[in-house]
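Written below as structure tokens is the structure these notes are about.
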2 protein chains.
Amino acid sequence: MHLKNQVEWTLHCCVLLAFLPPDKYLSTKDLAEFHGVPKEYLSKALQGLSQASLVLATLGPQGGYRLAKLPEDISFLDIVEAVEGKMSTFNCSDIRLNNPCLTRRTKLTKPCGIARVMWEADEAWRSHLRSVYLSDVISGMQVELPADLLEKSATWINNHT
Amino acid sequence: MHLKNQVEWTLHCCVLLAFLPPDKYLSTKDLAEFHGVPKEYLSKALQGLSQASLVLATLGPQGGYRLAKLPEDISFLDIVEAVEGKMSTFNCSDIRLNNPCLTRRTKLTKPCGIARVMWEADEAWRSHLRSVYLSDVISGMQVELPADLLEKSATWINNHT
DNA sequence: GCGGAAGTACTCGGATACCCACTGTCCGAGTAGGGAGGG
DNA sequence: CCCTCCCTACTCGGACAGTGGGTATCCGAGTACTTCCGC
């Protein structure tokens, strides 16, 4: 069990896009350059965000992506699920039905107890991601990161729009 | 992100082993037959449990596996980590260090804020798994499952030791 | 000088190869139980 | 009849192939800007 690299890249891209002036766009090329990741592959991850309506895309020169919503309205779960999918991490294949002691008549109404625990754990994970918004980490960064780095990054963004 | 099938198999095997009379063993062959899964591959998963000292193995006729501890002392996390490993689900490759605005002097002491959130979510997942013990699901099964199924399964186990 | 249309350059989006880890399988090392033989 | 030794059969453990999803890449469809031409 392992999250894709794309998740990390996408999260960082969203943070960067949050610093973008309104109605401006940042291209995949610039996003990839800023984070030092392969442009073409990052593009595929951003497609997921676009399909999930988390970002807006525009073509042509000066085109690219920008956030479709405010950072206060985009949770980590939104981004993670846009890339990883909404499928549960645990897949119950109901192997209890292979129990040789089961007769035709015995009915198992409730879902498998083991699967229930695993699904609860999955929900605990998602619940935490759902509780953290993009704006939260941005506020944190503005406190923790050196001021000059934030300023230089902001100007870098402005030079690339 | 997706858990291996082996996790499901292993959890069910542990539950079955909990019903085993003390000092008796159940072979991989029987465990595989009971759950309808490939014997050879299940063996590989049980090796993980053995290396994590969750089960004891014995060779020869009448050999196999039995729990090394009481069901009250084996958490879901123990089993999941024995199969999936203790590695975090989120791998931070520190792409923030590729930021072109970073100078040689700027120091980033704290870990990446994004990674911290993802690690917290991972910990929430593990925390839930850590709070549920094998004995819990067994108690639940003894309430929910039909009595005759439990009895037949118990006799099945006794016939295979 | 101004408006419009064509051309161009740049963007996203989907379709296409490559590679590692999960899945599945096999065989060898080692041991516990059973049986035969001797006392 | 009982004890000991040997043999057999069964077990786990690690080493060996096959396949699907993640990783990386490329090219085509579409658009906004720019430039040029005509009025």
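Letters A, B, ... are given to chains in the order of the sequence lines, protein chains preceding strands, and every chain is numbered from 1.
- Distances shown here put every side-chain N or O of A:Gln47 at or beyond 4.0 Å from the OP1 or OP2 atom of C:dT11.
- Heavy-atom minimum distance, B:Phe90 versus B:Met118: CG-CB, 3.5 Å.
- Both A:Pro61 and A:Ser50 sit near DNA chain C, but only A:Pro61 has its closest nucleotide nearer the 5' end.
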Can B:Gln62 and B:Thr161 be said to form a side-chain hydrogen bond (donor to acceptor under 3.5 Å, both in side chains), step by step? CA-CA 6 Å; B:Gln62 309 298 321; B:Thr161 52; 5.9 Å; no
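- Considering only side-chain N and O atoms, B:Thr28 lies under 4.0 angstrom from the phosphate OP1 or OP2 of D:dC12.
- Between the P atom of C:dT11 and the CG atom of A:Leu31 lies a distance of 11 Å, rounded to the nearest Å.
- Distance from the side chain of B:Lys4 is smallest for C:dT23 among the nucleotides C:dT23, D:dA24, C:dG13.
- For D:dT25, the OP1/OP2 oxygens have no side-chain nitrogen or oxygen of A:Tyr41 closer than 4.0 Å.
- The shortest distance between the side-chain N/O atoms of A:Ser27 and the OP1/OP2 oxygens of C:dT11 is below 4.0 Å.
- Looking at B:Asp30 and B:His160, their side chains do bring a donor and an acceptor atom within 3.5 Å of each other.
- Among the atoms of the strands shown, none is found under 4.0 Å from any heavy atom of A:Tyr25.
- In this structure, A:Glu8 atom CD and D:dG22 atom P are separated by 17 Å, rounded to whole Å.
- Atom NZ of B:Lys44 and atom P of D:dG14 are 9 Å apart (whole Å).
- You'll find that the side chain of A:Asn5 is closest to D:dT23, out of D:dT23, C:dC12, C:dT23.
- Comparing A:Glu84 and B:Asp30, the nucleotide of DNA chain D nearest to each residue sits closer to the 5' end for B:Asp30.
- Not one side-chain nitrogen or oxygen of A:Gln51 sits closer than 4.0 Å to the OP1 or OP2 atom of C:dC12.
- Looking at heavy atoms from C-beta onward, B:His2 lies out of side-chain contact with A:His2 at the 4.5 angstrom threshold.
- For the pair B:Lys39 NZ and D:dC12 P, the interatomic distance rounds to 8 Å; values are reported in whole Å.
- Between B:Leu3 atom CG and D:dG21 atom C1' the separation is 15 Å, expressed in whole Å.
- Rounded to whole angstrom, the span from the CG atom of B:Leu46 across to the P atom of D:dG13 amounts to 9 Å.
- Spacing between atom NZ of B:Lys29 and atom P of D:dT11 amounts to 6 Å, rounded to whole angstrom units.
- Side-chain atoms of A:Tyr133 and A:Ser75 include no donor-acceptor pair closer than 3.5 Å.
- For the pair A:Ser43 and B:Pro38, both in contact range of DNA chain C, the more 5′-proximal nearest nucleotide belongs to A:Ser43.
- As rounded to whole Å, 16 Å separates atom P of C:dA17 from atom CD of A:Glu40.
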